[in-house]
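Reminder, nothing fancy here: chain letters follow the sequence lines and each chain counts from 1. Note that the structure is a prediction, hence the values are computed from the model and not measured.
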Amino acid sequence: MTRYVVVATHSVSQPELEAQAASSVIQFLDADLQEIGHPMVNFGSASLAAAARDITQKHPTARWVWSDTTRWYRRILEADAATRPARPIAIQRAHDLRLTRNLLRFAANTVRTSYIDEISADWHEENHGTLTQFLPENDPGASPQETLFEPHKEKNASLEYQIAELRLQFAAIPHSPAGNRLRMLIAAESAGAIAATEMGFFGLPWNETEHKRLLEEALGTETPHGQRPPKLQALAEEITQLLYTPSLNPDSPQDLVRALQRNGIPVNSTSKWELKGKDHPVIEPLLRYKKMYRLYTANGWHWLKTWVRDGRFHPEYVVGGVITGRWASRGGGALQIPRGIREAVLAEPGWKLVVADASQLEPRILAAMSRDEGLSTASRGKDLYESVAEQGFGGDRAHAKVAMLGAMYGATTGESARLMPTLRKLYPTAIAALEKAARSGEQGGVVSTHLGRTTPAPGPRWLSSQQTSTQEEQARAGNIARTRGRYTRNFLVQGSAAEWALMWIAELRRQLATVFVEDDDASRPELVFFLHDEIMVHTPERLADRVHECVLDAAAQATRWMFGDTTVEFPLTVAIVDRYSDAK
DNA sequence: ATTACGAGCGCG
DNA sequence: AAAGCGCGCTCGTAAT
């Protein structure tokens, strides 16, 4: 029997509980959302954590309902860590009201209740490109401009409101196969939020000594902030000499592009790809400078001081932060760690990193979703692109890969566009699915992923851009339409791949918590990193092989949940290493 | 002095 | 050789 644990800041029916800013109230509901327990009252984070420990022991599978997993769960984890408990609290299941609301706001497969109309009404095209989300406001720590379920702001933090919101959300999900998929997505999104909170809280092992060694090797000894390190400075001087411009600031693109032009180098920008291939003695040191400058500014000593403490990098993962359902991150660029500094991601002594990567996830997702026979066959070969190459590109893997990626991104020019006819002949069903998505987007329609995450509908500005009278407007409208078509085309694949990965990490987290339940708390494997189609587990060396098995099991389970008994294979590349840089 | 934005580059 | 999708961060620069 499912039991729900609803968490809020106060109760309308018991106003005396509102007294303290940091208070929280907990209510138990049964599967039919009938109340089965009186509100438990807590004041402050420490007692919330104490309550959470008590509840997770008595009802380990209870589903925690709250406005925002990251905010509530992080408070619990922080307070829990401060009391140095026997075993850290681990919430197993959640229903994140904010994330669910964001899913339901656009989801096509809903019961059209007034609730759905209300929450989807506030979408405007102006928001497009930057996904605005409903933000929590019932957390005392939230900044004042953040608002959750508008309107009726002040009531929204109450226990009663949370329960009402939960009922409305459940009522909006139809009892149909599509509804079931949406339910799975909601559960996975919330489970992902639990994993994300834990990963951010416990952090990624980051060896500061190694990082500093890398920096010194590349840039020279550390200098005060704002002053170029020695090797970078030397190179800057070399460049100013080679361009006969003593006053040149190589960090200023417009300054630099003018200096390059004065020296007869025909460039319109200072970007890497434009500089490459130009024949001038400054090009080589300049490209080296840009690389070093990047390391210095984006991942230098300042970064290290800001984002790494106690040997761990603590990013904040933003679940559903990308419109396709991928995660985003805030702080330190967690999802853009350059290959060059991955040497600093080092397992602790006696521990290993299990780094797993889903190989060519997106074309496999496309094969399974569209049930394309040829592409499904290709997925069962040794290497997907190799198989595609054999099936239709004369064994040329590079061509096969470019063609496949171009099809999923909507390439219109160059090599990949020219290869499209070949691909269409080879995989008519898969390509038809992509083109249907593109056409829908071009015409202003919406597209849904396999589990039902849906693109926002175009806003009034997009729609009016399609109302044309002149030839010129017509051409512009066509471009705008095609841009949206590429977006919806890619949404289908990227979004469904994100769902597979979400299930993968959710299931892996569950397995790690149950398989190693007997192990000593200080030596249990921990999820430490997630990057779209890649997962990292930090584990005692003796458990690494069992972790490896869990990673494979979890991927197989993700595939079953998504696609049932599909014949498409989803192989992983797994490496058990000391350093992240040693994986692949 | 503060804010907004594009350039450029890192990741999948 | 670079383009076709999705992001975040830092910088310089322009606007306020």
Side-chain angles (χ1 to χ4, degrees), chain A residues 128-131 225-226 228 249-257 267-277 286-287 289-300 302-303 306-307 315-342 357-363 365-366 398 401-420 423 434 437-438 441 447 449 453 455 479 482-498 501 529-535 580 584:
Chain A
H128 201 98
T130 49
L131 178 61
H225 188 57
R228 286 198 193 98
N249 174 11
D251 305 339
S252 160
Q254 29 182 276
D255 215 13
L256 184 57
V257 80
V267 288
N268 294 310
S269 75
T270 66
S271 66
K272 207 161 55 173
W273 62 266
E274 194 165 357
L275 292 175
K276 245 181 224 167
L286 183 54
L287 290 173
Y289 180 87
K290 288 167 82 79
K291 184 116 189 133
M292 285 164 63
Y293 175 76
R294 172 79 192 177
L295 173 66
Y296 171 57
T297 55
N299 297 100
H302 184 246
W303 181 91
T306 310
W307 301 112
E316 184 183 346
Y317 293 94
V318 185
V319 174
V322 179
I323 196 122
T324 56
R326 277 185 175 183
W327 295 6
S329 73
R330 219 175 357 235
L335 305 186
Q336 300 111 251
I337 301 170
R339 294 203 119 81
I341 62 165
R342 292 183 180 184
D357 177 298
S359 316
Q360 305 103 28
L361 181 56
E362 292 188 352
I365 291 288
L366 175 62
K401 184 176 176 179
V402 165
M404 222 35 247
L405 292 173
M408 292 185 297
Y409 291 158
T412 54
T413 59
E415 177 106 61
S416 58
R418 281 200 301 281
L419 297 171
M420 270 300 280
L423 208 60
L434 291 170
V447 163
T449 59
R453 192 187 304 269
T455 61
N479 280 332
R482 281 188 293 277
T483 296
R484 188 161 192 279
R486 287 193 298 275
Y487 158 64
T488 51
R489 169 196 292 263
N490 186 251
F491 184 94
L492 183 73
V493 180
Q494 188 185 121
S496 301
F529 194 57
F530 178 60
L531 180 55
H532 309 319
D533 59 359
E534 192 178 320
I535 286 181
Y580 187 18
K584 73 180 167 186

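At whole-Å resolution of the value, CG in A:N299 and C1' in B:dC11 are 11 Å apart. Between the CD atom of A:E415 and the P atom of C:dA1 there is a distance of 13 Å, given to the nearest Å. Atom CG in A:D255 sits roughly 14 Å away from atom C1' in C:dC11 (whole-Å rounding). Between the CH2 atom of A:W303 and the P atom of C:dC11 there is a distance of 15 Å, rounded to whole Å. If you measure from atom CD1 of A:I337 to atom C1' of C:dC9, you get 13 Å, rounded to the nearest angstrom. Rounding to whole angstrom units, OH of residue A:Y317 and C1' of B:dG12 are separated by 14 Å. Rounded to whole Å, atom P of C:dG4 lies 20 Å from atom CG of A:L366. Between the CH2 atom of A:W307 and the P atom of C:dC9 there is a distance of 7 Å, given to the nearest Å.
Within 4.0 Å (heavy atoms only), A:G333 reaches sugar-phosphate atoms of the nucleic acid but no base atom. Within the 4.0 angstrom heavy-atom criterion, no nucleotide atom of any strand lies near A:R482. As judged by a 4.0 angstrom heavy-atom cut-off over every strand, A:Q254 is placed among residues touching the sugar-phosphate backbone only. Counting non-hydrogen atoms under 4.0 angstrom, A:R339 reaches the backbone sugars and phosphates but no base. Residue contacts shown for A:F491 are absent, as no nucleic acid heavy atom lies under 4.0 Å away. Residue A:K290 is in sugar-phosphate contact alone, with no base atom involved, counting any heavy-atom pair closer than 4.0 Å across all strands shown. A:G332 comes within 4.0 angstrom of sugar-phosphate atoms only, judged by non-hydrogen atoms across all strands, and of no base. A:W273 comes within 4.0 angstrom of sugar-phosphate atoms only, judged by non-hydrogen atoms across all strands, and of no base.
Residue order along DNA chain C, read from the 5' end via each residue's closest nucleotide, puts A:M408 first among A:M408 and A:G331. Residue A:R418 is the one, among A:R418 and A:H532, whose nearest nucleotide of DNA chain C lies closer to the 5' end (criterion: closest heavy atom).
Distance from the side chain of A:S271 is smallest to B:dC9 among B:dG12, C:dC5, B:dC9. In the set B:dG10, B:dG12, B:dG8, B:dG10 carries the atom at the smallest distance from any side-chain atom of A:K272. When distances run from any side-chain atom of A:Y293 to the nucleotides C:dG6, B:dG12, C:dC11, the shortest one goes to C:dC11. Of the candidates C:dG8, C:dA3, C:dG6, the closest approach to any side-chain atom of A:T413 belongs to C:dA3. Among the nucleotides B:dG10, C:dG6, C:dG8, the one closest to any side-chain atom of A:K291 is B:dG10. Comparing C:dG4, C:dG8, B:dG12 against the side chain of A:E534 picks out B:dG12 as the nearest. The side chain of A:S252 has C:dG12 as its nearest neighbour among C:dA2, C:dG12, B:dC11. When the nucleotides B:dG8, B:dG12, C:dG6 are ranked by their closest atom to the side chain of A:I323, C:dG6 comes out on top. Checking B:dG8, B:dG12, C:dG4 against the side-chain heavy atoms of A:A411 singles out C:dG4 as nearest.
Using a 30° and 60° split on the angle between ring planes, A:F491 and A:Y487 fall in the perpendicular class, above 60°.
For A:T488 (side chain) and A:G485 (main-chain N/O), a donor-acceptor pair under 3.5 Å exists by modelled atom type. Side-chain N or O atoms of A:R453 include none that pairs as donor or acceptor with a backbone N or O of A:I323 at under 3.5 Å. Panel note: side chain A:K272, backbone A:K290; no donor-acceptor pair is recorded below 3.5 Å. A donor-acceptor pair is defined here as one N or O able to donate and one able to accept, closer than 3.5 Å; such a pair exists between the side chain of A:W303 and the backbone of A:G332.
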Exercise. Between A:R486 and A:N490, is a side-chain contact (heavy atoms from CB on, under 4.5 Å) present by the stated rule, with each step listed?
Worked result: CA-CA 6 Å; A:R486 287 193 298 275; A:N490 186 251; over 6 Å; no

For this session: Take A:V267 and A:V257, measure what side-chain contact (heavy atoms from CB on, under 4.5 Å) needs, and give me the verdict at the end.
Result: CA-CA 7 Å; A:V267 288; A:V257 80; 4.0 Å; yes

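Evaluation of the salt bridge (Lys or Arg N to Asp or Glu O under 4.0 Å) rule for A:D251 yields A:R228 as partners, not counting sequence neighbours.
Salt-bridge annotation for A:R326 and A:E362: present, with a side-chain N of the basic residue lying under 4.0 Å from a carboxylate O of the acidic one.
Classification of C:dG4 as syn follows from a glycosidic angle within 90° of 0.
A donor and an acceptor atom sit less than 3.5 Å apart, one in the side chain of A:R294 and one in the base of B:dC9. At a cut-off of 3.5 angstrom, the base of B:dG12 holds at least one donor-acceptor pair with the side chain of A:R326.
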Problem set entry | Watson-Crick and G-U pairing of DNA chain C, under 3.5 Å, as dot-bracket with | and [ ] | ....||||||||||||

